[in-house]
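Let me begin by presenting the structure, written as structure tokens, before commenting on it.
Whatever order the structure lists them in is the order used to number ligands and atoms, beginning at 1.
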Amino acid sequence: MWNDKHLISLGKTDATEARVLLSSAHADTYECGILAGKSVANLFFEDSTRTRLSFSLAAQRLGASVVDLTGKGSSLSKGESLLDTAWTIEAMGVDAIVIRSSQSGASDLIARNVKVPIINAGDGTHQHPTQALADALTIGQSMNRTDGWDFRGLKIAIVGDVVTSRVARSNVCLLQTLGAQVTLVGPSMMTPKSFEAMGCKVTHDLDKVVCESDVIMMLRIQFERGGGAVLASKRSYHHEFGLTAQRAEQMKPDAIVMHPGPMNRGVEIAGDVADGNRSVILNQVTNGVQIRKAVLHHAMIG
Ligand code: CP
């Protein structure tokens with residue numbers, strides 16, 4: 001998970017490292033102002049609400065100052081390269097760089113070329129480690145697994161546009177490392193069998209999976225990455241692969257509904273289900289701040 005002080009991917013997650021970070025985020029007992037005098041650069045070259053604001057709030061709540069840069073209005077629009085941008089920001093003396101990019105591998109490229117900690121806030125279709133960590137924190141809290149963060153025996157379904165989803169890739173790695181059994185569900189073009197190489201199951205029968213799962217994590221169709229290009233209609237997708245109110249009624253009594261956001265209400269999830277009593281979607285958002293505090297603390301202090 002940690003590569004030196006960088007957090008790029010959960011591809012080779014060490015369960016102990018992940019559990020230490022989850023415990024730290026759950027306890028939230030950081031010394032007030034522990035990052036005072038330090039600065040974090042938030043480079044968001046792709047749109048974001050949750051991740052960008054939660055990294056800013058996390059840094060500020062630990063006492064660090066934050067500078068923001070987006071693609072529009074930066075010198076990237078004049079042709080400056082990603083690496084020149086990173087070197088320029090590092091030369092200004094920041095203590096950590098958080099980066100979101102539409103290019104898979106962008107944060108890894110920067111991490112291999114700078115000295116300050118790099119935290120991947122989502123790179124293309126590759127990885128979104130802090131979202132998966134926030135999700136694991138939410139699952140642990142909702143399922144009373146905070147004592148040891150051992151997810152053995154939990155059945156977790158990740159449903160929808162998996163093929164374009166960095167959230168799904170990070171979650172498959174992390175949740176299986178913590179012991180959960182993960183099943184990917186969706187139309188065949190969104191959930192190819194090749195994902196079984198990651199150790200999870202793949203199926204196209206949502207109704208069967210809904211009745212058996214402890215956690216159902218719905219994914220947005222990422223229209224901006226070409227997801228859904230082959231769909232007949234949003235209506236037919238909702239009927240076949242959406243978490244409708246009728247489907248949610250078939251869930252196990254204590255099962256929970258998750259979504260990393262942003263949601264397409266009425267497409268992958270019915271509004272009533274998103275707002276219903278099984279939903280922990282806003283807990284995921286709250287935990288996004290908690291986990292990013294833990295990540296920034298680890299990256300900058302150790
Ligand atoms: N889940 C997530 O990454 O949301 P944002 O795109 O709003 O940051």
message: Tell me whether ligand 1 is touched by Gly122 - counting only heavy atoms on the residue side and a distance under 4.0 Å.
response: no

task: Using modelled atom types only, decide if a donor and an acceptor are shared between the side chain of Ser170 and the backbone of His128 within a distance under 3.5 Å.
output: yes

- prompt: Which atoms of ligand 1 have any heavy atom of Pro260 under 4.0 Å away?
  reply: 1 (N)

- prompt: Which ligand 1 atoms are under 4.0 Å away from a heavy-atom of Gln131?
  reply: 1 (N), 2 (C)

message: If the threshold is 4.0 Å, N to carboxylate O, is there a salt bridge linking Asp68 and Arg52?
response: yes

query: Which atoms of ligand 1 sit under 4.0 Å from any heavy atom of Thr49?
result: 5 (P), 7 (O), 8 (O)

message: Once you measure the plane-to-plane angle for His297 and Tyr30, does it fall in the parallel (<30°), tilted (30-60°) or perpendicular (>60°) bin?
response: tilted

- prompt: Looking only at heavy atoms, which two atoms of Asp161 and Arg220 are closest? And how far apart?
  reply: CB-O, 3.6 Å

message: Please give me the minimum heavy-atom distance between Val116 and Val94, naming the atom from each residue.
response: CG1-O, 3.3 Å

- prompt: Nearest protein heavy-atom contact for atom 6 (O) of ligand 1: which residue, which atom, what distance?
  reply: Arg100 NH1, 2.9 Å

query: Which atoms from ligand 1 have a heavy atom of Thr51 less than 4.0 Å away?
result: 2 (C), 3 (O), 4 (O), 5 (P), 8 (O)

- request: Looking only at protein heavy atoms, identify the closest one to atom 4 (O) of ligand 1 and say how far it is in Å.
  value: Arg50 NE, 3.1 Å

message: Do the side chains of Glu46 and Arg166 get close enough for a salt bridge, i.e. N-O under 4.0 angstrom?
response: yes

